[in-house]
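Have a look at the structure below before the remarks.
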Amino acid sequence: MIRRLIRAIDRLNIAIGQGVSFLIWIGIAVLCFEVVARYVFDAPTIWAHGYTQRIFGSYFILIGAYTLVQRDHVRVDILLTPEPSRRNSALDLINYAFLILWGAVLTIEGWRFFLDAWKWAEVDDSALRHAMWPPKLALFIGSLLITLQGVNEAVKSILYLISPKDAEQEAARHDT
Amino acid sequence: QGTTTWRMQTHWPTGNWYYEDVFVKFCNRITEATGGELTVEPVQNDGLVRTGEALDAVRRGLLESAFIYPAYWIGRIPAAAHLNGFIGMWDKHEEMAAFMYEVGALDIIREAYAAQGVYQAGPVSYAGLALYSNRPLRTTADFEGWKVRSTGPAADVFVKMGATPVSIPGAELYQGLQTGVVDGAHWGSTSTGWGMNLQEVNKYIVRPDLVGHLNGEVIVGLDTWSKISPELQVIFNEIVRATSADASAHFLYRDMTYSQQFVDEMGGELTQLDDEALENLRRYSLEVVDEYSAKDPEYCGKLGPMLHDFQKLRGLV
Amino acid sequence: MTPEILTYGMFGMLLISIICGVSLSFAMGGTAVIFGYLIYGPNGMYSIVSAAFSGMWSILLSAIPLFTFIGVALAKSRIASDLYHAFYLWSGRMPGGLLLGTSGFAATLSAMTGSCAASTITTGMVGIPAMDQRGYDRGFVLGTIGASGTLGILIPPSITLILIGMQTGQSIGRLFLGGMIAGMIVLAAFMIHVWLRSRMNPDLAPTIGETPPMRERLASLKSVILPVLIILSVLVSIFQGIATPTEAAAIGAAAVTLSVALRGELNWTYIKEVSFTTASVTGMVIWIVFGATAFTAIYGSGGGTAFMQQVLSSISSSPWITILLMQLITLILGMFLDPVGIILLVLPIFFPIVVQLGFDPIWFCILFQLNLCIGYVSPPFGYNLFYLKMLSPKTPITQIYGAVLPFLLLMLAVGALLFAFPQLITATTGA
Ligand code: NA
Ligand code: NA
């Protein structure tokens with residue numbers, strides 16, 4: 001039961017991360033459009049840079065959890081062993097404790113950040129004056145997702161500490 | 001009686017001459033005038049919080065006060081645009097002060113800030129809005145297709161003039177001007193633009209300034225403000241007013257010497273806008289003021305008509 | 001909390017957690033949360049979220065995913081390997097030929113962009129597989145790429161030099177000139193080092209056995225001419241004022257995609273792989289920025305600056321010792337913090353003293369800037385180190401630290417040279 005929940009959270013964050021990863025194409029398209037509009041047609045848009053900011057800002061925060069699933073948040077591997085071990089799981093727990101602490105603060109404060117923007121109908125300072133709540137909502141969601149993934153990984157580590165054999169069998173079954 | 005200490009953050013980098021001459025002096029002046037009863041500690045740009053978050057930080061009491069720029073909050077408090085100053089709205093410091101203190105615009109602006117949990121102590125002049133350009137701007141037609149780095153209400157006016165505002169980040173501005181991604185920019189007055197090294201990558205400075213005084217501001221958290229005595233409040237407000245007049249003189253003098261240096265030592269040229277262009281700028285600017293009034297009826301809706309009347313009093317409408 | 005306790009506490013916790021294998025990003029963010037809470041209570045948590053949002057909202061950071069995209073897209077297509085094949089055939093028996101070319105490539109990208117992302121990531125993505133294939137020593141390759149990548153902020157244009165100019169009021173044009181001189185000296189030092197080491201130990205960088213026939217060499221050019229032309233013309237367009245560096249990165253990304261399509265290599269699998277890899281690499285870098293911004297914000301506001309002031313005033317006796325001490329502080333901070341944070345933290349303290357002591361301000365700024373560059377490769381925290389780890393995931397980070405060490409020492413030597421002979425800089429940048 002708990003293992004199914006763990007896999008479900010992994011899959012959720014992989015799906016969201018992969019979906020969000022395509023945002024870069026939109027970012028590229030918007031910036032290229034701006035250059036052509038300005039240089040070829042001498043008619044720069046007022047929205048391109050503002051939209052780029054929104055697109056990449058959301059992209060940055062939302063891919064954090066996916067990066068975690070992919071094990072791409074860099075760690076110094078002086079004490080880590082190459083193969084799974086109880087020592088690794090203990091160190092992993094410290095790692096995720098730092099993440100969960102930070103992530104929880106980002107999630108809670110991010111929610112208040114979003115509420116402020118929503119309540120006061122805050123808009124950006126470009127000529128567009130678009131609402132500021134969407135990127136702040138992305139901040140909240142991205143923080144929530146990476147914290148959730150952090151808790152998920154911490155539970156995996158605890159399960160490994162309790163019974164390394166079960167955990168390794170489980171991993172082998174789903175790696176293929 | 002005890003003493004109170006406030007930290008006051010600015011958005012100015014410490015390397016600028018006006019950091020010491022205007023900002024630090026302002027802080028010290030309050031400390032001295034109150035005999036240390038209210039001690040103000042200056043904090044550099046991004047020192048305690050990021051500049052963009054200073055309003056919230058002040059509201060929450062994380063930071064007691066800020067010596068900062070209203071344009072940052074226009075998205076949250078549209079009335080801050082009136083405090084900052086619209087193009088063409090006043091030339092002299094007395095005119096600006098008359099609108100704020102005599103006409104009573106500041107009272108409404110204070111209400112708008114109070115709704116956000118912040119006390120607005122008042123405007124501090126940062127001198128005029130000077131355009132740096134790589135294209136000589138003399139007539140309205142010269143603005144056509146002019147790519148200028150601009151944001152906020154000024155950008156709206158430039159659009160109406162036929163120019164095309166480009167919003168590139170401050171850190172890419174120098175290179176953008178050097179390579180010609182943009183043909184011009186404004187960063188406060190002649191002397192504050194000088195701090196951004198705009199003189200190195202522009203051939204012209206446009207005369208006159210598009211508005212005589214762009215204002216900074218002094219803000220304090222409402223809770224923090226209510227905790228000091230009425231006597232201290234009065235002293236604080238008086239020093240804000242006095243500093244505005246002093247800063248205006250400081251900047252004006254620097255504007256003049258830098259302009260001279262621009263022409264004599266850097267081979268730059270000062271170009272003069274004709275009366276028609278100035279009139280168009282003022283007219284379009286009032287249109288922008290009306291757009292603000294429509295979007296924010298509660299505060300800008302009151303300030304807009306005041307500004308119209310004020311322009312009539314100045315004999316310009 | 002006194003500034004000393006804050007300094008030892010924050011850096012101590014950071015160091016210990018990093019050694020325990022805590023991800024750099026989480027170590028910085030978590031430490032910032034703990035100390036933010038200790039200093040300000042719940043109110044301090046606002047700085048943490050404000051730091052993250054300022055990172056999200058910084059349009060300059062968009063260059064990172066874009067240049068990562070260019071690197072990934074080139075590496076996953078056959079353009080990169082063809083390019084290196086051609087270079088290999090043409091470089092002949094020059095010791096370390098491909099590495100010298102790689103250094104030059106990084107310097108060229110540095111002259112076109114203002115950060116280290118392009119010069120390191122793009123160069124690495126393109127260069128590493130090709131040099132692996134030809135039996136180059138992985139550590140030697142990583143060290144060269146990581147170090148050459150730091151030229152991204154030394155050779156103009158440079159975001160950090162612009163920030164230094166804004167913070168000190170110095171002419172950006174003259175700072176750029178000084179950066180260019182320092183950058184050329186550093187590049188020369190790297191190239192001589194690579195050449196000498198390859199010559200003394202040919203196993204590190206095997207050269208081609210015999211010069212291949214001209215026909216084969218010419219044929220190798222055919223497959224690279226189109227992509228090289230497209231990519232170069234795009235990058236050169238920055239100089240023509242067609243695009244800002246960020247926009248140019250996007251154009252570069254589109255141009256690479258176009259040339260991959262023209263070669264018939266563009267398909268759904270390729271698009272997915274490029275998108276996914278770009279995302280997880282960007283996630284790694286940007287989340288470190290989030291953590292570093294929070295760490296710097298709490299350290300700065302908690303009185304870290306006051307600590308620097310104390311250190312400076314307690315030790316300094318002669319003007320030259322003071323300047324040396326400033327460089328030392330910058331180097332130590334560079335081990336842990338990101339360069340923008342360091343600029344905001346210490347330059348406001350240092351600069352007025354430098355002016356007061358009568359030193360040439362541009363010369364000082366360039367020395368300072370060189371130390372920021374060293375910070376990109378000094379362990380444990382350095383963006384280029386992380387880029388290298390991402391480029392070569394199987395290499396332990398400790399080996400990466402070792403790989404850049406010789407280059408780090410070279411940069412220190414260049415720093416000492418500029419320190420001893422200020423006229424190297426001032427002769428050109430003087431008013
Ligand atoms: Na560069
Ligand atoms: Na470092």
Side-chain angles (χ1 to χ4, degrees), chain A residues 17-18 20-22 24-25 27-32 34-35 38-39 49 52-53 55-61 63-70 72-80 88 91-92 94-99 101-103 105-106 108-110 112-113 135-136 138-139 143 146 150, chain C residues 17-27 29-34 45-46 48-50 52-53 55-57 59 61-62 65-66 69 242-243 246-251 253-254 257 271-272 275-276 278-284 286-288 290-291 294 380 385-386 389-390 393 396-398:
Chain A
Q18 292 187 337
V20 167
S21 76
F22 290 104
I24 189 149
W25 296 90
I28 292 170
V30 168
L31 282 168
C32 289
E34 167 70 7
V35 174
R38 190 178 62 229
Y39 193 73
H49 284 96
T52 313
Q53 214 171 3
I55 292 165
F56 281 110
S58 310
Y59 178 84
F60 292 158
I61 200 86
I63 55 181
Y66 178 69
T67 308
L68 183 60
V69 180
Q70 300 292 319
D72 275 340
H73 286 292
V74 182
R75 308 169 69 177
V76 173
D77 36 22
I78 302 174
L79 297 181
L80 296 168
N88 273 12
L91 292 174
D92 282 351
I94 302 177
N95 183 28
Y96 300 126
F98 270 80
L99 166 62
L101 182 66
W102 183 32
V105 165
L106 283 179
I108 296 164
E109 288 287 323
R112 295 169 67 180
F113 217 53
K136 293 189 172 177
L139 169 64
S143 308
I146 196 171
Chain C
S17 54
I18 286 176
I19 290 171
C20 287
V22 176
S23 298
L24 290 140
S25 153
F26 311 155
T31 305
V33 166
I34 291 168
M45 299 303 97
Y46 182 78
I48 309 287
V49 71
S50 143
F53 191 75
M56 278 175 68
W57 208 236
I59 203 166
L61 287 181
S62 315
L66 293 169
F69 180 98
I242 293 171
T246 311
E247 291 167 349
I251 300 233
T257 311
I271 291 174
K272 278 200 302 195
S275 311
F276 299 164
T278 304
S280 67
V281 170
T282 303
M284 178 206 77
I286 297 290
W287 276 76
I288 290 177
F290 290 164
L385 299 169
F386 311 146
K389 174 72 184 169
M390 166 273 281
I397 191 93
T398 39

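Each chain gets a letter, A, B and so on, in the order the sequences are listed, and its residues count up from 1.
Within the 4.5 Å cutoff, no side-chain heavy atoms of C/S23 are placed close to those of A/F98. Proximity of A/L106 to C/F53: side-chain heavy atoms (C-beta onward) are nowhere separated by under 4.5 Å.
Contacts of C/V22 with chain A are made by both backbone and side-chain atoms, with heavy-atom separations under 4.5 Å. Interface residue A/I94: backbone and side-chain heavy atoms are both found under 4.5 Å from chain C. Using a 4.5 Å cut-off between heavy atoms, A/Q18 contacts chain C through both its backbone and its side chain. If you measure heavy-atom distances from C/I286 to chain A, the contacts under 4.5 Å come from the side chain alone. Both the backbone and the side chain of A/Q53 come within contact range of chain C, each with at least one heavy atom under 4.5 Å from a heavy atom of that chain. Interface residue A/F60: backbone and side-chain heavy atoms are both found under 4.5 Å from chain C. In this structure, chain A has heavy atoms under 4.5 Å from both the backbone and the side chain of C/P396. Both the backbone and the side chain of C/T31 come within contact range of chain A, judged by heavy atoms closer than 4.5 Å. For a residue to count as touching a neighbouring chain, one of its non-hydrogen atoms must lie under 4.5 Å from one of that chain's; by this rule C/M45 touches chain A with backbone and side chain alike.
Per-residue counts of heavy-atom pairs under 4.5 Å with chain A were compared for C/V281, C/L66, C/L385; the largest is that of C/L66. Of the listed residues A/L31, A/L68, A/D72, the one with more heavy-atom pairs under 4.5 angstrom with chain C than any other is A/D72. Note: A/G64 leads A/S143, A/G64, A/A97 in heavy-atom pairs under 4.5 Å with chain C. Among C/S25, C/A253, C/P380, the residue making the largest number of heavy-atom pairs under 4.5 Å with chain A is C/S25. When each of A/V69, A/I146, A/V30 is scored by its heavy-atom pairs under 4.5 Å with chain C, the top score falls to A/I146. Counting heavy-atom pairs closer than 4.5 Å to chain C, the top-ranked of the candidates A/L101, A/L99, A/N88 is A/L99. Your options are C/S50, C/P393, C/A27, C/A294, and the one with the most heavy-atom pairs under 4.5 Å with chain A is C/A27. Per-residue counts of heavy-atom pairs under 4.5 Å with chain C were compared for A/I28, A/I55, A/V20; the largest is that of A/I28. If you tally non-hydrogen atom pairs under 4.5 Å between each of A/G27, A/G110, A/P135 and chain C, the highest count goes to A/P135.
Judged by distance alone, with hydrogens and angles left aside, the side-chain atoms of C/E247 form no donor-acceptor pair with the main-chain N or O of A/V35 at under 3.5 Å. No donor-acceptor distance shorter than 3.5 angstrom exists from the side chain of C/S275 to the backbone of A/S21, with no hydrogens or angles considered.
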List the steps and the verdict of side-chain contact (heavy atoms from CB on, under 4.5 Å) for A/L79 and C/I19. CA-CA 7 Å; A/L79 297 181; C/I19 290 171; 4.2 Å; yes
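Counting all heavy atoms, side chain and backbone alike, A/L139 lies closest to C/A52 at CD1-CB, 4.2 Å. Counting all heavy atoms, side chain and backbone alike, C/P65 lies closest to A/Y59 at CB-CE2, 4.0 Å. Closest of all the heavy-atom pairs between A/T52 and C/S62 is CG2-OG, 4.5 Å. Minimum interatomic distance between A/E109 and C/Y46 (heavy atoms only, all atoms of both residues): OE1-CA, 3.8 Å. When all heavy atoms are compared, the tightest approach of A/I63 to C/A279 is CD1-O, 3.2 Å.
The aromatic rings of C/F276 and A/F22 sit perpendicular to each other, their planes meeting at more than 60°, with 30° as the lower class boundary.
Rounded to the nearest 0.5 angstrom, A/W102 CH2 and C/I34 CD1 are separated by 13.0 Å. Distance check: C/L24 CG to A/H73 NE2 gives 11.0 Å after rounding to the nearest 0.5 Å. In this structure, CD1 in C/I397 is found 11.5 Å from CG in A/L80, a value given to the nearest 0.5 Å.
With 3.5 Å as the limit, one finds no donor-acceptor pair spanning the side chains of A/T67 and C/W287.
Between A/W25 and C/F69, the ring centre distance stays below 6.0 Å.
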